[in-house]
Amino acid sequence: MHHQSIPFFLFNHTYESLSELETDDRELSVPSVLTNFLSTFTTEKPTWNELRFLQLIGEVRSFSLIEFDSLNQTISFHPLVQLWARHHSCAIDGAIRVTQTILALATPTGDGMTDYPTRKSLLLHFRDSLESGCQLHHSYLWPAGKTFRNNGLYAEAASVLEQSLKAKQCTFGPEHPDTLKSMNNLAHSYSDLARHTEASEAQRRGYGTASTHTWFRASGHVDKHEQPC
């Protein structure tokens, strides 16, 4: 994760999304260290305990390890602190995996008024974490791709969504609904890049129809059926 402007909502949103995951999905794709960490900030109900989280932030701030921007509700580390932490971590791959999982779970999948600015605020952190080269679980590649696409980074979006499709094909097979949804999402990224032949083929395979070629000829089209998978 980038050292600047870490949104304060990140952990709350992660906890809420984690609570909605099916038990099997949670066990397969969410590192146990993350669930254990988040459980520290929950009440007996369980719900997110904002006060307990703020107390931790205050304690870390007392050691001058982070800065808290109360106006923008973001947290920042000094770059040297982050660099030291990365070089002295005994499980850097695990830390990267946790970071990517937090980002993916906290990313909104809708297209509401607050969803676009939220994804924009996460862009810097997605780019930083994905540059690590650590493989991301297939369930979380789509939020990264949507974030890139919404911010006009179409090549990056296509690259991530290609990884998502490949992972879905290996995990579920070529005809599984999740695989077909990934194919459809990739088609829209190809269209953004004016790769219309590839887009048309991916769209045909994703929706099972060959009647979509004309759809891709409309420049600047925003798909209303893009689906998380």
Side-chain angles (χ1 to χ4, degrees), residues 13-32 34-35 96-112 115-116 118-119 122-123 126-127 129-130 132-151 153-193 195-213 215-216 221-229:
H13 286 196
T14 299
Y15 172 76
E16 291 176 351
S17 296
L18 186 61
S19 301
E20 297 173 359
L21 281 181
E22 297 291 338
T23 302
D24 290 343
D25 291 337
R26 191 182 309 166
E27 292 176 350
L28 285 171
S29 58
V30 179
S32 59
L34 175 58
T35 56
I96 293 170
R97 171 75 184 282
V98 168
T99 298
Q100 293 176 333
T101 302
I102 289 173
L103 289 170
L105 284 171
T107 301
T109 59
D111 295 303
D115 293 334
Y116 282 96
T118 297
R119 284 191 289 269
L122 297 177
L123 174 61
F126 261 119
R127 297 190 78 174
S129 63
L130 291 173
S132 66
C134 181
Q135 183 63 43
L136 193 63
H137 188 272
H138 66 75
S139 297
Y140 302 121
L141 286 165
W142 181 83
K146 188 172 182 69
T147 298
F148 289 142
R149 187 180 181 221
N150 286 169
N151 285 277
L153 301 173
Y154 301 129
E156 288 90 337
S159 176
V160 170
L161 292 175
E162 284 172 346
Q163 294 178 54
S164 177
L165 176 61
K166 183 177 180 180
K168 292 292 179 65
Q169 289 172 329
C170 291
T171 303
F172 302 120
E175 302 301 325
H176 190 277
D178 282 358
T179 303
L180 298 179
K181 289 177 184 177
S182 292
M183 180 75 71
N184 176 57
N185 292 336
L186 179 58
H188 302 303
S189 283
Y190 284 158
S191 180
D192 293 330
L193 294 167
R195 294 162 61 176
H196 298 304
T197 301
E198 294 167 278
S200 181
E201 175 61 19
Q203 182 80 353
R204 183 188 64 79
R205 292 173 62 188
Y207 276 136
T209 175
S211 63
T212 57
H213 186 69
W215 178 88
F216 285 102
H221 179 85
V222 178
D223 176 47
K224 299 299 183 182
H225 303 286
E226 185 185 34
Q227 303 175 60
C229 51

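Nothing fancy with the numbering, it's 1 onward along the sequence. Values reported hereafter were calculated over all heavy atoms of this structure, with side chains retained and with hydrogens, waters and symmetry mates removed. Predicted model only: the values in this text are computed from it and were never measured.
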If you measure from OH on Y116 to CG on N151, what distance do you get to the nearest 0.5 Å?
10.5 Å
Quick one: does S191's side chain have a donor or acceptor within less than 3.5 Å of a partner on A187's backbone?
no
Tell me the closest heavy-atom pair linking D115 and G110, and the distance in Å.
OD2-C, 3.1 Å
What distance separates L103 CG from R119 CZ, expressed to the nearest 0.5 Å?
14.0 Å
Output, in order, the C-alpha distance, side-chain angles, deciding distance and verdict of side-chain contact (heavy atoms from CB on, under 4.5 Å) for K146 and D111.
CA-CA 11 Å; K146 188 172 182 69; D111 295 303; 3.5 Å; yes
Residue pair R149 / Y154: nearest heavy atoms and the distance that separates them:
O-CE2, 3.5 Å
Would you say T109 and W142 make side-chain contact, with heavy atoms under 4.5 Å?
yes
Interatomic distance, NZ@K168 vs CD@Q163, rounded to 0.5 Å, equals 13.0 Å
Is T35 reaching over with its side chain to a backbone N or O of S32, donor-acceptor style, under 3.5 angstrom?
yes
With a 4.5 Å limit on heavy-atom distance, are the side chains of L153 and R127 in contact?
yes
What's the verdict on side-chain contact (heavy atoms from CB on, under 4.5 Å) for F148 and L161, showing C-alpha distance, side-chain angles and the deciding distance?
CA-CA 10 Å; F148 289 142; L161 292 175; over 6 Å; no
Just by distance, no angles: are the side chains of N184 and H188 close enough, under 3.5 Å, to form a donor-acceptor pair?
yes
Rounded distance (nearest 0.5 Å) linking atom OG1 of T101 with atom CG of L34:
6.5 Å
Taking all non-hydrogen atoms of both residues, which atom of P108 and which atom of T118 are closest, and how far apart?
CD-CG2, 3.6 Å
In Å, rounded to the nearest 0.5 Å, how long is the span from CD of E162 to OH of Y190?
3.5 Å
Okay, side chain of T14, backbone of I102: is any donor-acceptor separation there less than 3.5 Å?
yes
Let me confirm one number: the CZ-CD distance from R205 to E175, rounded to the nearest 0.5 Å.
8.0 Å
One pair to check against side-chain contact (heavy atoms from CB on, under 4.5 Å): V160 and F126. What are the steps and the verdict?
CA-CA 11 Å; V160 170; F126 261 119; over 6 Å; no
Looking only at heavy atoms, which two atoms of A157 and S189 are closest? And how far apart?
CB-OG, 3.8 Å
If I compare all heavy atoms of L193 with all of A155, which pair ends up nearest, and what's the gap?
CD2-N, 3.8 Å
Taking side-chain contact (heavy atoms from CB on, under 4.5 Å) as the criterion, tell me which of L180, T179, D178 meets it with L165.
T179
